[in-house]
Amino acid sequence: MNNYKVYHGRQCIMTISEVQTATGNALEFHIAEQADEPLCFCIAAILDYWARLDLKAKNKAYYGKLAW
């Protein structure tokens with residue numbers, strides 16, 4: 001399972017844990033301060049975008065090598 005922590009200096013402002021639900025896997029966010037919620041969700045969205053971009057690049061590299 002994937003577990004992540006986001007720090008501001010030495011203070012942990014957010015942890016993200018992958019949890020099992022009845023419908024599959026989900027991410028559970030624990031945010032230390034309510035005022036940090038918008039920033040933490042923006043960080044999570046940016047990291048998710050980069051992770052998906054990397055996955056698309058890997059798929060393109062793989063399928064680009066196939067010959068018919």
Side-chain angles (χ1 to χ4, degrees):
M1 288 198 177
N2 298 318
N3 295 309
Y4 305 97
K5 292 184 180 184
V6 176
Y7 289 89
H8 181 261
R10 292 185 178 185
Q11 180 184 4
C12 181
I13 60 170
M14 174 177 65
T15 59
I16 303 171
S17 304
E18 189 174 4
V19 294
Q20 300 258 339
T21 64
T23 58
N25 292 344
L27 294 177
E28 181 176 59
F29 291 80
H30 294 279
I31 301 172
E33 299 290 329
Q34 186 175 3
D36 293 333
E37 285 180 1
L39 175 64
C40 290
F41 287 126
C42 287
I43 291 170
I46 291 168
L47 293 174
D48 182 57
Y49 176 77
W50 284 343
R52 291 180 190 274
L53 252 174
D54 188 41
L55 183 61
K56 286 181 185 178
K58 286 180 184 176
N59 284 341
K60 185 176 182 181
Y62 175 76
Y63 287 116
K65 293 179 182 178
L66 292 177
W68 301 100

Self-check item: Glu33, CD: over 12 other non-hydrogen atoms inside 6.0 angstrom
Solution: no

Exercise. Would you name the heavy atoms of Met14 and Ile31 that are closest together and state the gap between them?
Key: CG-CG1, 4.1 Å

Quiz prompt | Partners passing side-chain contact (heavy atoms from CB on, under 4.5 Å) against Ile43 (at least two apart in sequence or in another chain) | solution = Val6, Leu39, Leu47

Practice problem: Could you tell me the separation between the NE2 atom of His8 and the SG atom of Cys40, rounded to the nearest 0.5 Å? | Solution: 10.5 Å

Quiz item: Can you name the ring-ring contact (aromatic ring centres under 6.0 Å, His included) partners of Tyr4, sequence neighbours left out?
Solution: none

Self-check item: Side-chain donor-acceptor contact under 3.5 Å, Asn25 with Gln20
Solution: yes

Quiz item: Do you know the tightest heavy-atom contact between Cys12 and Ala32?
Solution: O-CB, 4.0 Å

Quiz item: Under the criterion side-chain contact (heavy atoms from CB on, under 4.5 Å), which of Ile13, Ile16, Thr15 is the partner of Lys5?
Solution: Thr15

Quiz item: Linking I/L/V/M/F/W/Y whenever their side-chain heavy atoms sit closer than 4.5 Å, directly or via other members, would Ile46 and Phe29 fall into one cluster?
Solution: yes

